[in-house]
Visitor: 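The structure's right below; bear with me while I get my questions together.
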Amino acid sequence: MSNIRAIRGMNDILPDETPYWQFLEQSVQRVLASYGYGEMRLPVVEQTELFKRSIGEVTDIVEKEMYTFNDRNDVSLTLRPEGTAGCVRAVIQQGMLNVPQRLWYAGPMFRYERPQKGRQRQFHQVGVESFGIATPDMDAEIILISARLWRQLGIDDSVQLQLNSIGSSVARTAYRAALVEYLEQHAAVLDQDSQRRLHSNPLRILDSKNPDTQALLDGAPALADYLDEESRADFARLCELLDAAGVPYVVNPRLVRGLDYYNKTVFEWVTDRLGAQGTVCAGGRYDGLVAQLGGKATPGVGFAMGMERLILLLIELGVVAGTSSVADVYVVAVGDEAQRTALATVEKLRDQLPDLDIVQHAGGGSFKSQMKKADKSGARAALIWGEDEVAAQVVSVKPLRDTGGDGERALQQTVPAEKLQETLCAVLAG
RNA sequence: GUGGCCGUAGCUCAUCAGGUAGAGCACCGGAUUGUGACUCCGGAGGUGGCGGGUUCAAGACCCGUCGGCCACCCCA
């Protein structure tokens, strides 16, 4: 057993789970297309510099969670830890910013963290980004998309929208100073982590899980009081639009986000069904990012959702992801002659019924063992070619499951090849 | 990076004052000649994560290491 194993935190997704993935991916495609969003396919590797400049030098992601290495030309590359940076890079590089853009992408992201429930080192996100619209109607659109997707997936009762505005960077700087001043007076009460953050990233203290710290924050200056006029107005308008559209939300004045590029609107969709990693989707506005990465100043809003977490939720809630049994039909063929006939006939059948899933028995074996395989495949019917069938130039169609609810099983039928399609369809139709 | 729990057949787990391993499921074969499911019978499959230590003897005890799960940190 000292074989090669998968890298820690990088999981194989097996056929018993892929139906959930397909269900999620199809839902995502449908919903985003219905809002006029175009799909991007982006590289998994980018220059390290891109992430440093967008996510922020002092964030945990950049400081300790990136998979970074040098290529053969000694250029520092990084496996993308999130999608927005690469999307922005592409949109600048491809000259797409003359007009507003509505875009989305999906794929693997990489972060060197300790794996736990709902978190792995290779994980998958769907990202949705909108460029070129600065007004809060676009924030609302972005949120409506996510809300519709939850409905589509059947998990809308289990997720809650939390909303906040973190204002302009000027407003945030002023607030940060006030917050630090307050907290320094009570530094003794602060937990270790928060003390550390006091100077590196004080805003993050706001969403600390430590109850004592939270209690201390009750007396702290409020971010909302420091917001600039425009942020305040935009946030009010966003709330108004969400109210009108009937999307419930909770304003969480202590919601900030970890990535440096956000301003104004930030939001998270959270659930209490997944243990500690309850954020299933998160995003916000990033009006400065495009310019920061060298493009012409262009506002943006977007969000990312964690596919593993959504799938955990689908499983947890027992949302059925469309039953996908291995096959509709299993083909039994005993002997060389039978196998030859079966193979050729079944190919024709696939031409006629391309939506039917047909498994052809392979590997030989007795009649009995092939029948066992047919049963275990979950197929609803078996097609049987044995010596008798070959000699008589016919094929047997045998139902394997109860069709009605009455426990009655239809009888096996033996028909010439020309009648196969018709007979099989009749049997499958019950 | 920190902490807790865990590591025995493909899967879920057991046994025992420490004396060189077992069940269920799954898999393969059989129960009168060509028919699955239920039942019965049989079979294959484990250097007990790896390395070291204690002992006459270790899967069981100790140490280390690797891996898993959950939580902290952080984040989707």
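In what follows, chains carry the letters A, B, and so on, assigned in the order in which the sequence lines appear, proteins first and then strands, with residues in each chain numbered from 1.
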Visitor: Kindly say whether, by distance alone, the side chain of A:Gln412 makes a donor-acceptor pair under 3.5 Å with the base of B:rU35?
Guide: yes
Visitor: Taking the side chain of A:Arg257 as its heavy atoms from C-beta onward, which of B:rG36, B:rA76, B:rC72 lies nearest to it?
Guide: B:rA76
Visitor: Specify the separation, in whole Å, of atom CZ of A:Phe367 and atom C1' of B:rG36.
Guide: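 After rounding, the reported distance stands at 10 Å.
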Visitor: Would you call A:Lys64 and A:Glu113 a salt bridge, using N to O less than 4.0 angstrom?
Guide: no
Visitor: Considering every strand shown, what is the Watson-Crick or G-U wobble mate of B:rU32 when both distances are under 3.5 Å?
Guide: none
Visitor: How close or far is atom C1' of B:rG7 from atom CZ of A:Arg5, stated in whole angstroms?
Guide: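 My rounded result for the distance is 11 Å.
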Visitor: With both distances under 3.5 angstrom, what nucleotide forms a Watson-Crick or G-U wobble pair with B:rA37?
Guide: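 Base partner found: none.
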Visitor: Let's test this: given Watson-Crick or G-U wobble pairing with both distances under 3.5 Å, identify the partner of B:rC72.
Guide: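 When the pairing criteria are applied, B:rG1 turns out to be the nucleotide that pairs with B:rC72.
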Visitor: In this structure, how many angstroms lie between the P atom of B:rC5 and the CD atom of A:Gln116, rounded?
Guide: 17 Å
Visitor: Using only atom types and a distance under 3.5 Å, with no angle test, would you say the side chain of A:Tyr182 pairs donor to acceptor with the backbone of A:Ala177?
Guide: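 Checking the backbone N and O of A:Ala177 against the side chain of A:Tyr182, no donor-acceptor pair under 3.5 Å is found.
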Visitor: To the side chain of A:Asp375, which of B:rC72, B:rG36, B:rA76 is closest?
Guide: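 Closest nucleotide among those given: B:rG36.
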Visitor: Could you check how far CZ of A:Arg114 sits from C1' of B:rC72, rounded to whole Å?
Guide: 10 Å
Visitor: If we call it a pair only when both distances are under 3.5 Å in a Watson-Crick or G-U wobble match, what pairs with B:rC25?
Guide: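 With both distances under 3.5 Å, B:rC25 matches B:rG10.
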Visitor: To the nearest Å, how far apart are A:Gln413 CD and B:rU35 C1'?
Guide: 16 Å
Visitor: In whole angstrom, what separates A:Asn11's CG from B:rG67's P?
Guide: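 My rounded result for the distance is 14 Å.
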Visitor: Looking at A:Arg80 and A:Glu46, is any side-chain nitrogen of the basic one under 4.0 Å from a carboxylate oxygen of the acidic one?
Guide: no
Visitor: Quick one: do A:Glu39 and A:Arg41 make a salt bridge, cutoff under 4.0 Å?
Guide: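 Salt bridge: yes.
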Visitor: Go through B:rA76, B:rC73, B:rC70 for me and flag the one nearest to the A:Lys64 side chain.
Guide: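 Comparing B:rA76, B:rC73, B:rC70 against the side chain of A:Lys64, the answer is B:rC73.
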Visitor: Of the nucleotides B:rC72, B:rA76, B:rG29, which one has an atom closest to the side chain of A:Glu113?
Guide: B:rA76
Visitor: Using Watson-Crick or G-U wobble geometry with both distances below 3.5 Å, tell me the partner of B:rG59, or none.
Guide: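 Pairing partner: none.
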Visitor: According to a strict under-4.0 Å criterion, is A:Lys372 in side-chain N/O contact with OP1 or OP2 of B:rG30?
Guide: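 A:Lys372 to B:rG30 OP1/OP2: no side-chain N or O under 4.0 Å.
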Visitor: Which whole-number value in Å describes the distance from A:Glu308 CD to B:rC69 P?
Guide: 13 Å
Visitor: Can you confirm if the NZ or CZ of A:Arg285 lies within 45° of the ring axis of A:Tyr262 and under 6.0 Å from the centre of its six-membered ring?
Guide: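 Judged by the rule, A:Arg285 and A:Tyr262 form no cation-pi pair.
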Visitor: Could you identify the nucleotide paired to B:rG64, looking across every strand shown and requiring Watson-Crick or G-U wobble geometry with both distances under 3.5 Å?
Guide: B:rC50
Visitor: Please evaluate the base of B:rU35 for a donor-acceptor partner in the side chain of A:Lys368 within a cut-off of under 3.5 Å?
Guide: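 Looking at the base of B:rU35, it does not pair with any donor or acceptor on the side chain of A:Lys368 (distance under 3.5 Å).
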Visitor: Between A:Asp191 (CG) and B:rG3 (C1'), how many Å, whole number?
Guide: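 Those two atoms, CG and C1', are 16 Å apart.
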Visitor: Would you say the side chain of A:Glu65 and the base of B:rG1 hold a donor-acceptor pair, judged only by whether the two atoms sit under 3.5 Å apart?
Guide: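 Answer is no: no donor-acceptor pair is held.
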Visitor: Is any side-chain N or O of A:Lys209 closer than 4.0 Å to OP1 or OP2 of B:rC72?
Guide: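 For A:Lys209, the contact criterion (side-chain N or O under 4.0 Å from OP1 or OP2 of B:rC72) is met.
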Visitor: What is the pairing partner of B:rC16, taking Watson-Crick or G-U wobble pairs with both distances under 3.5 Å in any strand?
Guide: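 No nucleotide pairs with B:rC16.
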Visitor: From the options B:rC72, B:rG36, B:rA76, select the nucleotide whose nearest atom is closest to the side chain of A:Asp193.
Guide: B:rC72
Visitor: Counting heavy atoms from C-beta on, name the nucleotide in B:rG36, B:rA76, B:rC70 closest to the side chain of A:Met371.
Guide: B:rG36
Visitor: Under a 3.5 Å cut-off for both contacts, is B:rA44 paired Watson-Crick or G-U wobble with anything, and if yes, with which nucleotide?
Guide: none
